[in-house]
Amino acid sequence: MAKVTPRAQDYSEWYLDVIREADLADYAPVRGCIVVKPYGWAIYEHMREFLDRRFKETGHVNAAFPLFIPLSFLQREAQHVQGFSPELAVVTHGGGEELEEPLVVRPTSETIIGYSYAQWIRSYRDLPLLINCWNSVVRWEKRTKPFIRTMEFYWQEGHTAHATHEEALEEVMRILDVYYDHMRADCALPGFRGRKSLYERFAGALTTYSVESMMGDKRSLQSCTSHDLGQNFARAFEIKFLDRDNTEKYCWTTSWGLSWRLLGAVIMVHGDDQGLRLPPKIAPIQVVIVPIYKTDAEKSIVFETAGRLFQTLKAAGMRVKLDDRDETPGFKFNDWELRGVPVRVEVGPKDVANGMVGLARRDRPGKEGKSFVSQQGLAEHIHTLLQEIHQSLLQQAEHFLHSHIRECNTWDEVKEAVEDGWALAPLADNPANDEFIRNNLTAKTLNFPLDQPEGEWTCVVSGQRVRERALIGKSY
RNA sequence: CGGGGAAUGGCGCAGAUGGUAGCGCACACGGUUUGGGACCGUGAGGUCCCGGGUUCAAGUCCCGGUUCCCCGACCA
């Protein structure tokens with residue numbers, strides 16, 4: 001009766017099965033694109049609300065910029081165009097006529113936003129300019145996977161301009177922390193903040209920072225990025241300001257993004273053989289109440305209690321659903337487990353008589369996660385339980401992550417480590433080393449974690465003395 | 001973009017040797033059920049991925065294309 005391929009049997013099949021069975025998304029009739037169904041979108045919406053709040057708390061405002069970008073804009077920044085050219089969707093015709101200048105469907109908006117910023121910014125008083133956009137972008141990807149890599153994907157992209165490099169750097173790190181906190185506090189996803197290697201940095205950036213997450217198959221997912229763009233885009237788009245000293249200077253800009261791929265990470269990190277396991281904060285339904293009855297008489301008393309509990313939990317601010325479908329309890333249990341609902345409340349005739357309810361927590365399988373508790377104080381109880389479930393999911397993921405990272409000091413150790421996780425190894429930040437890794441392993445440099453042990457070691461590739469270790473692993 | 005699989009009802013699949021499609025689940029209706037994916041009966045649902053070709057006849061054979069999955073290269 002299993003509808004979901006066991007995770008251990010075929011991780012990729014399992015992932016696709018969960019997406020289908022939990023009703024998150026469908027394939028679209030266009031290659032590499034997906035249709036996100038209401039349940040999947042609801043999760044994304046919650047993630048978005050939390051992030052948006054954090055952006056606003058740190059002084060950012062939202063705005064919108066065009067989907068189409070003149071091709072020439074992309075070409076103004078040499079590295080940028082080189083990096084993105086292979087994956088551009090280009091519009092050459094409109095209204096039945098060939099366009100004078102092709103329009104690019106935005107792969108990211110640095111260029112078109114740079115154009116506006118150049119017009120908006122005149123004085124140091126206009127800085128910093130802190131804008132975020134919720135939109136979708138298009139990249140002509142060769143190989144796609146729902147949520148993880150789609151040709152069109154929804155995300156947010158932040159773009160800021162500052163008077164000094166120091167301020168820009170502060171912004172880059174502030175956002176990296178916003179992402180990191182969002183991942184942990186809202187999505188129960190641990191990860192490593194770090195600097196991308198020069199080889200892996202964003203096309204056009206001075207430095208790129210990322211959070212790397214470990215999926216259930218021990219491959220890495222770059223969950224988000226925050227870029228120090230230096231003055232590269234400011235020079236390309238003439239984003240200048242008159243400083244206090246009455247001299248004209250180029251701005252220092254940043255950009256940063258987090259996409260719906262993070263939802264893919266939530267599925268991959270927390271899901272199990274029963275299906276999805278959602279962190280309570282982003283679960284569209286946090287508590288489901290399943291009534292249990294045989295006769296009509298039982299039905300009516302059970303529903304009376306279930307309805308009352310529903311109102312109580314709702315009034316306590318929880319997203320709760322009373323499942324009144326005409327299905328057997330067993331069916332409903334499995335159904336909601338598949339959809340990852342964190343807490344299930346079971347109300348049967350015995351419970352009504354005893355003033356109790358059955359409680360099942362999704363983070364623990366089977367009987368282990370089941371208990372019976374009093375209807376008195378149920379809201380408080382579940383409120384605490386939801387927090388516990390969040391912590392438990394985070395801890396499980398963290399344990400998995402840390403137990404699959406190995407400190408390595410030689411190339412042979414790295415080679416072995418990436419077969420079952422990530423290596424943390426001394427590495428010189430030189431593109432030649434990245435290429436060596438990519439050419440000799442099916443792994444790559446993930447990032448140089450911000451938290452580094454003190455010391456000096458020998459680079460596992462070049463033999464140089466270095467003071468930094470990099471995470472190396474297979475990745476999506 | 002290279003290599004390998006695959007495409008048949010919503011989902012999962014079966015359809016040697018060519019003869020005009022079937023099963024399980026899901027769906028609709030009726031009844032019996034309901035504390036871990038209930039059962040019986042009745043019923044509805046299919047351009048067999050698309051386009052050509054071979055043939056009296058194509059889900060099946062041939063050619064071309066599209067999409068999906070896996071492994072690489074490339075990228076959030």
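Small disclaimer: the values here were computed from a predicted structure and weren't measured.
Between the side chain of K142(A) and the base of G2(B) there is no donor-acceptor pair of N/O atoms closer than 3.5 Å. One N or O donor and one acceptor, one from the side chain of R149(A) and one from the base of C75(B), sit under 3.5 Å apart. Judged by distance alone with a 3.5 Å cut-off, no donor-acceptor contact links the side chain of R143(A) to the base of G2(B). With hydrogens and angles ignored, a donor-acceptor pair closer than 3.5 Å exists between the side chain of E337(A) and the base of G36(B).
By the 4.0 Å N-to-carboxylate-O rule, D420(A) lies close enough to K218(A) to be salt-bridged with it. The residues R438(A) and E435(A) are annotated as not salt-bridged, no charged nitrogen and carboxylate oxygen being separated by less than 4.0 angstrom. Comment: D272(A) engages R362(A) in a salt bridge, judged by a side-chain N to carboxylate O separation of less than 4.0 angstrom. At a threshold of 4.0 Å, the pair R76(A)-E110(A) does not count as salt-bridged, since none of the basic side-chain nitrogens sits closer than that to a carboxylate oxygen. R20(A) has a carboxylate O that lies under 4.0 Å from a charged side-chain N of D17(A), or vice versa, which qualifies the two as a salt bridge.
Comparing the P positions of G19(B) and C62(B) gives a spacing of 15 Å, expressed to the nearest Å. G45(B) and G10(B) are spaced 10 Å apart, taking the C1' atom of each and rounding to whole Å. Comparing G24(B) with G36(B), their P atoms are spaced 26 Å from each other, to the whole Å. Using C1' as the reference atom, G43(B) and U54(B) are 40 Å apart when rounded to the nearest Å. The gap from the C1' atom of C11(B) to that of G37(B) amounts to 15 Å, rounded to the nearest Å. Spacing of C1' atoms, C50(B) relative to A7(B), comes out at 11 Å, to the nearest Å. Between the C1' atoms of G41(B) and G4(B), the separation comes to 47 Å (whole Å). Taking the P atoms as reference points, C13(B) lies 33 Å from G53(B), given to the whole Å.
Listed nucleotides G37(B), C11(B), C27(B) differ in distance to E21(A); the shortest reach to its side chain belongs to C11(B). Comparing G36(B), C74(B), C27(B) by their nearest atom to the side chain of E327(A) picks out C27(B). Among the nucleotides G35(B), G36(B), C27(B), the one closest to any side-chain atom of K350(A) is G35(B). The nucleotide whose nearest atom lies closest to any side-chain atom of F331(A) is, among C74(B), U67(B), G37(B), G37(B). Nearest nucleotide to the D335(A) side chain, out of G37(B), C68(B), C69(B): G37(B).
Rounded to whole Å, the distance from CE on M356(A) to P on G35(B) is 20 Å. One can place CZ of F84(A) at 13 Å from C1' of C74(B), the figure rounded to the nearest angstrom. Straight-line distance from the OH atom of Y476(A) to the C1' atom of C74(B): 17 Å, rounded to whole Å. Between the CZ atom of R31(A) and the P atom of U67(B) there is a distance of 6 Å, given to the nearest Å.
For the residue pair S213(A) / S223(A), a side-chain donor-acceptor distance below 3.5 Å is found, with atom types taken as modelled. Using modelled atom types, one finds a donor on one side chain and an acceptor on the other under 3.5 Å when comparing S109(A) with E157(A). Between the side chains of D10(A) and T5(A), no donor N or O sits under 3.5 Å from an acceptor N or O.
Residues from residues 433-447 of chain A with heavy atoms under 4.0 angstrom of RNA chain B, sorted by number: R438(A), T442(A). For RNA chain B, the residues of residues 287-296 of chain A within the heavy-atom distance limit of 4.0 Å (strictly under) are I292(A), Y293(A), K294(A), sorted by number.
A close approach under 4.0 Å does not occur between any side-chain nitrogen or oxygen of T328(A) and OP1 or OP2 of G37(B).
Heavy atoms of D10(A) sit nowhere under 4.0 angstrom from any nucleic acid atom. As judged by a 4.0 angstrom heavy-atom cut-off over every strand, S259(A) is placed among the base-contacting residues. Residue contacts for G32(A): at a heavy-atom cut-off of 4.0 Å it reaches the sugar-phosphate backbone alone, with no base atom in range. Nucleic acid contact for G348(A): base, since at least one base atom lies under 4.0 Å from a heavy atom of the residue. Looking at heavy-atom distances under 4.0 Å, I148(A) makes contact with a base.
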Task: 5'-to-3' dot-bracket of RNA chain B (Watson-Crick, G-U; under 3.5 angstrom; crossing pairs as [ ]; | other strand) - done: (((((((..((((.....[..)))).((((((.....)))))).....(((((..]....))))))))))))....

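Between W422(A) and the choices I472(A), V414(A), I405(A), the side chain to side chain contact (heavy atoms under 4.5 Å, CB included) rule is met once, by I405(A).
Between F153(A) and W260(A), the ring center distance fails the sub-6.0 Å criterion. Between F202(A) and F84(A), the distance separating the two ring centers is shorter than 6.0 angstrom.
Taking the six-membered ring where the residue is Trp, F55(A) and W256(A) present tilted rings, their angle falling between 30° and 60°.
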Open item on the list: Between D217(A) and R7(A), does the salt bridge (charged side-chain N to carboxylate O under 4.0 Å, His left out) criterion hold? Intermediate values first, please.
Closed with: CA-CA 9 Å; D217(A) 60 354; R7(A) 218 161 97 118; over 6 Å; no

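Taking for each of F153(A) and T144(A) the nucleotide of RNA chain B with the nearest heavy atom, the 5'-most of the two is the partner of T144(A). Along RNA chain B, the nucleotide nearest to R20(A) and the one nearest to V347(A) differ in position, and the one closer to the 5' end is contacted by R20(A).
Side-chain contact between R325(A) and F331(A): present, with at least one pair of heavy atoms (C-beta onward) separated by less than 4.5 Å.
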